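Okay, so here's the structure we're looking at.
Since the structure is predicted, the reported quantities are computational estimates derived from the model, not experimental observations.
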Amino acid sequence: MQDGRIKDSDITASSQWYETTGPKYARSVCCQPPLVDLGQLTFLTVVGTQGRYARSSGKEYARAYRLAYSRDGALWRAWRNRQGNPVVEANSDAYNAVIKDLHPPIITQFVRIIPVTEVSAPVCMRVELYGCPWEDGLVSYSGAEGQVMGPPGHALASLNDSIYDGTQHRRLSGGLGQLTDGVIGQDDFLLTRQYQGWPGYDYLGWRNDSLSTLGHVEMEFMFQTQRNFTSMKVHSNNMFSRGVKIFSSVSCWFKSRPLGVWGAGPVVFHTVLDDRNPSARYVTVPLGGRSASALRCRFAFADVWMMFSEVCFLSATGPSTVPPAVSPTPVLIGCLVTIILLLVLIIFLILWCQFACKVLEKVGPAPAPAPVSQSGVSERQRAAGVLLLTASPCLLASSSPPLGSSPHPGGGADLPPVVLQRDRGSADPPRAPPRPPRHRYPPPPATGTPPPPPPQCFHSNAPHYAETDVVSLQGVTGSNMYAVPALTVDSLSRQDISATEVPRERLVFREKLGEGQFGEVHLCEGEGLPGGAVLVAVKQLRADATSQARNDFLKEIKIMSRLSDPNIIQLLCVCVASDPLCMVTEYMENGDLNMFLSQREIESTLTHANNIPSVSLSDLLHMSVQISSGMRYLASLNFVHRDLASRNCLLDRRLTIKIADFGMSRNLYSSDYYRIQGRAVLPIRWMAWESILLGKFTTASDVWAFGVTLWEVFTMCKEQPYSLLSDQQVIQNTGEFFRNQGRQVLLYAPPLCPPSLFKLMMCCWGRDADQRPSFEGLYRALRPHNTICGF
């Protein structure tokens with residue numbers, strides 16, 4: 001309200017005005033609950049309130065309040081928290097502001113704040129609302145009520161929509177609930193991310209043989225305006241061991257007007273069922289740019305149960321983009337040809353597997369395991385100083401090089417024994433827009449299939465140095481900050497900072513982009529900043545940060561101030577003259593590369609005809625060159641990034657890529673990191689084997705991560721690396737790299753990737769670190785691809 005985005009005319013209330021209650025820094029509304037028009041549908045997550053102190057001449061404040069909201073201005077709903085309580089605790093004095101998170105968040109345009117008092121008394125409230133525009137445009141969904149799993153009287157999981165704000169009587173009607181609250185359900189549907197939630201709380205689920213489903217579940221989605229629908233994303237559980245699978249197919253009908261009739265030609269999509277990976281996942285249903293204001297979708301069961309935790313839509317307002325009718329004869333012929341080719345491929349795979357089994361039989365059984373001591377470590381392993389990976393995820397770093405491996409130049413730092421475990425027990429806050437799906441492209445080769453011969457790679461001339469000579473900073477926002485030579489990050493004070501100091505009054509808060517243990521990242525507007533920046537990203541240290549975190553923050557500023565390259569995020573200025581400490585960096589309008597590519601398709605005649613956001617192969621190659629250029633600059637300074645991935649590559653409006661380190665601070669990418677008990681989290685799917693097993697982070701391990709990032713780019717970020725492997729299997733796979741017996745699982749060649757470029761990726765994943773290419777060599781190798789585009 002203070003910055004004027006909510007106009008005076010959007011706030012109405014019956015109130016009295018006195019000189020002492022006159023607004024000075026914002027607008028005050030006294031005595032009666034205000035009605036606030038947000039101007040558009042908004043995903044409202046936080047409410048801040050404050051009383052009126054007026055230098056002891058007035059002490060009016062509200063100890064509690066209720067919220068009422070409406071999406072159309074006619075039908076009003078009362079907000080309740082996840083435990084059903086409608087009252088929000090507010091202020092205990094007249095001068096301190098109180099910020100309250102809304103669990104669940106509200107999707108609304110109109111909001112009323114209603115003070116709650118025990119006795120009649122004058123009340124003055126200053127109110128601040130925090131949220132973001134609701135881009136989906138969805139105003140309600142309807143369908144069958146969720147059901148209870150388990151025998152009568154012994155419920156195993158209650159799969160109802162507990163926060164639905166419409167009518168619930170055997171059928172959900174006219175409201176929104178858990179499918180739009182931003183909370184992604186876990187792989188095990190019995191676990192919940194919410195405090196005091198019951199088993200199955202995060203999911204809405206139905207049983208196949210119930211009277212309300214009859215082999216399928218039908219849902220209707222109503223939107224505020226007519227939209228052109230690109231795709232629908234449905235987060236589904238796939239815990240097939242309990243009879244739960246993603247839907248087998250879905251048919252979607254479209255209606256242009258709320259009172260119109262459903263179109264005759266539905267969009268039909270058949271999913272690829274997965275009986276090997278029980279992980280919950282997003283399923284993307286392409287909708288072909290069809291124009292409508294309402295959708296009716298019929299989801300067909302693939303097993304006994306079907307469960308959804310989130311549904312979202314990619315769409316845009318505008319004229320209809322319905323594709324022209326297609327003759328059924330060519331489609332039928334194409335389907336028959338595809339089926340024949342699939343049968344031939346299956347026969348070939350069966351013959352190949354039989355051949356591989358015969359080869360393995362000739363090799364003979366593996367040698368018997370060495371005797372194991374009481375500590376669980378064999379004497380042979382103790383002599384080698386390393387514990388090889390078994391079914392247990394316990395890892396032990398070695399002080400001497402592993403047997404059969406060549407020592408890395410400069411050696412490697414030792415890590416104490418740690419236990420890696422997946423962090424599933426914490427109560428995460430509701431997440432903002434869901435992560436794009438990861439399932440489109442073919443799976444990697446089976447574990448038993450012999451890998452392709454290693455490509456002939458050029459040698460790396462980049463410097464490799466021991467981690468004992470490096471200080472690694474865990475950034476205050478939770479991200480892995482750059483690791484740099486120790487001499488550059490001695491103890492610092494504010495006087496050591498050479499970056500430009502600006503008054504913090506020039507920074508106007510817009511929204512929170514991410515947060516970590518001791519800091520936050522905000523989007524702000526700036527005035528008179530270096531470089532003429534208008535929108536900037538601001539890292540701010542929290543007031544409760546430790547002295548070590550403060551020192552690390554100043555070190556991070558000094559490191560960032562040394563970086564000056566077109567493909568590295570730029571530090572613009574700082575606010576360190578007073579608390580809270582802040583650093584101001586560039587803000588990239590197009591967000592991160594992962595989100596940018598996952599929302600686009602490869603350029604084709606179809607994308608042009610239907611106005612689908614797309615990129616060309618030349619664009620992907622140019623992005624790859626820019627990333628290699630930025631990493632070449634970091635390597636020239638002996639900087640080790642340690643978290644290179646598409647989520648840490650940002651794009652401006654001209655699609656210039658700048659490498660940053662914000663990825664870990666965003667809940668959106670929490671699934672890309674693996675939590676280590678009592679320590680930080682690691683992006684294991686991007687890490688070299690020696691980084692996971694031996695704790696060695698060097699330029700060569702950054703090269704490995706660069707190869708994985710290239711793989712992300714040429715899969716259009718539609719899939720997570722090693723998506724068919726669990727986190728434990730990814731760690732076990734690094735043990736196969738260490739043993740070097742040819743049984744490691746490699747990432748497959750993306751369909752869009754030219755063979756010569758995939759050969760370059762294979763070089764980045766070389767077993768021996770000193771045989772991997774340097775970033776200078778990668779940059780020189782990629783530039784001809786970018787300019788010639790011929791393979």
**Prompt:** By side chain to side chain donor-acceptor pair (under 3.5 Å), which residues pair with R654, not counting sequence neighbours?
**Reply:**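 In terms of side chain to side chain donor-acceptor pair (under 3.5 Å), with neighbours along the sequence ignored, R654 is linked to no residue.
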Taking the side chain as C-beta and beyond, is there a heavy-atom pair between [X] and [Y] under 4.5 Å?
X    : Y    : value
I107 : T42  : no
V47  : V88  : no
M560 : I569 : yes
M623 : T656 : no
P133 : F43  : no
L67  : I113 : yes
S701 : M687 : no
H103 : N81  : no

Which heavy atom of [X] sits nearest a heavy atom of [Y], and at what distance?
X    : Y    : value
M588 : L651 : CB-O, 3.0 Å
I659 : I627 : CD1-O, 3.7 Å
T709 : L644 : OG1-O, 3.5 Å
G630 : D565 : CA-OD2, 3.9 Å
W704 : W686 : CD1-O, 3.6 Å
A280 : H235 : CB-CE1, 3.6 Å

Within this structure, what is the [atom1]-[atom2] distance for the pair [X] and [Y], rounded to the nearest 0.5 Å?
X    : Y    : atom1 : atom2 : result
L634 : D702 : CG    : CG    : 8.0 Å
R66  : R112 : CZ    : CZ    : 14.5 Å
T546 : N551 : OG1   : CG    : 9.5 Å
L650 : T585 : CG    : OG1   : 8.5 Å
E505 : C575 : CD    : SG    : 8.5 Å
L41  : F110 : CG    : CZ    : 9.0 Å

Could you list the residues that satisfy ring-ring contact (aromatic ring centres under 6.0 Å, His included) with F706, not counting sequence neighbours?
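Listed in chain order: F775.
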Q.
Y61: which residues meet the ring-ring contact (aromatic ring centres under 6.0 Å, His included) condition with it, sequence neighbours left out?
A.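 Expected list: none.
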Please check if the side chain of [X] supplies one atom and the backbone of [Y] the other of a donor-acceptor pair under 3.5 Å.
X    : Y    : value
E511 : C524 : no
N594 : S646 : no
N567 : I657 : yes
H641 : A705 : no
R685 : P721 : yes
R126 : G51  : yes
R504 : P580 : yes

Can you find a side-chain donor-acceptor pair between [X] and [Y] that sits under 3.5 Å?
X    : Y    : result
Y587 : E525 : no
D202 : T192 : yes
Q50  : N91  : no
E310 : T180 : no
D165 : Y69  : yes
Q40  : W134 : no

Would you call [X] and [Y] a salt bridge, taking side-chain N to carboxylate O under 4.0 Å as the test?
X    : Y    : value
R647 : D672 : yes
K539 : E556 : yes
E89  : R63  : no
D187 : R281 : no
D579 : R550 : yes
E527 : R506 : no

* To do: With side chain to side chain donor-acceptor pair (under 3.5 Å) as the test, would you mind laying out the steps for Q186 and Y203 before giving the verdict?
  => CA-CA 9 Å; Q186 301 190 52; Y203 282 95; over 6 Å; no
message = Set out, in order, the CA-CA distance, both residues' side-chain angles and the distance that settles side-chain contact (heavy atoms from CB on, under 4.5 Å) for R510 and H522, then state yes or no.
response = CA-CA 7 Å; R510 285 291 173 260; H522 295 161; over 6 Å; no
Discussion item. Go through it in stages, so that I can follow the logic: the residues are W79 and I106, the test is side-chain contact (heavy atoms from CB on, under 4.5 Å), and I'd like the CA-CA distance, side-chain angles, deciding distance and then a yes or no.
Written reply: CA-CA 8 Å; W79 178 86; I106 300 173; 3.4 Å; yes
(Q) A quick test of your reading: do over 12 heavy atoms of other residues, nucleotides or ligands sit less than 6.0 Å from CD of E501? (A)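 Above 12, so yes.
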Could you walk me through whether L102 and K100 pass the side-chain contact (heavy atoms from CB on, under 4.5 Å) test, one step at a time? CA-CA 6 Å; L102 299 180; K100 289 293 184 180; 5.5 Å; no
Verdict with supporting geometry, Y633 and L563, side-chain contact (heavy atoms from CB on, under 4.5 Å)
CA-CA 9 Å; Y633 172 76; L563 304 180; 4.1 Å; yes
inquiry  = Is there a salt bridge (charged side-chain N to carboxylate O under 4.0 Å, His left out) between K233 and D136? Walk through the geometry before answering.
reply    = CA-CA 11 Å; K233 302 178 187 298; D136 270 19; over 6 Å; no
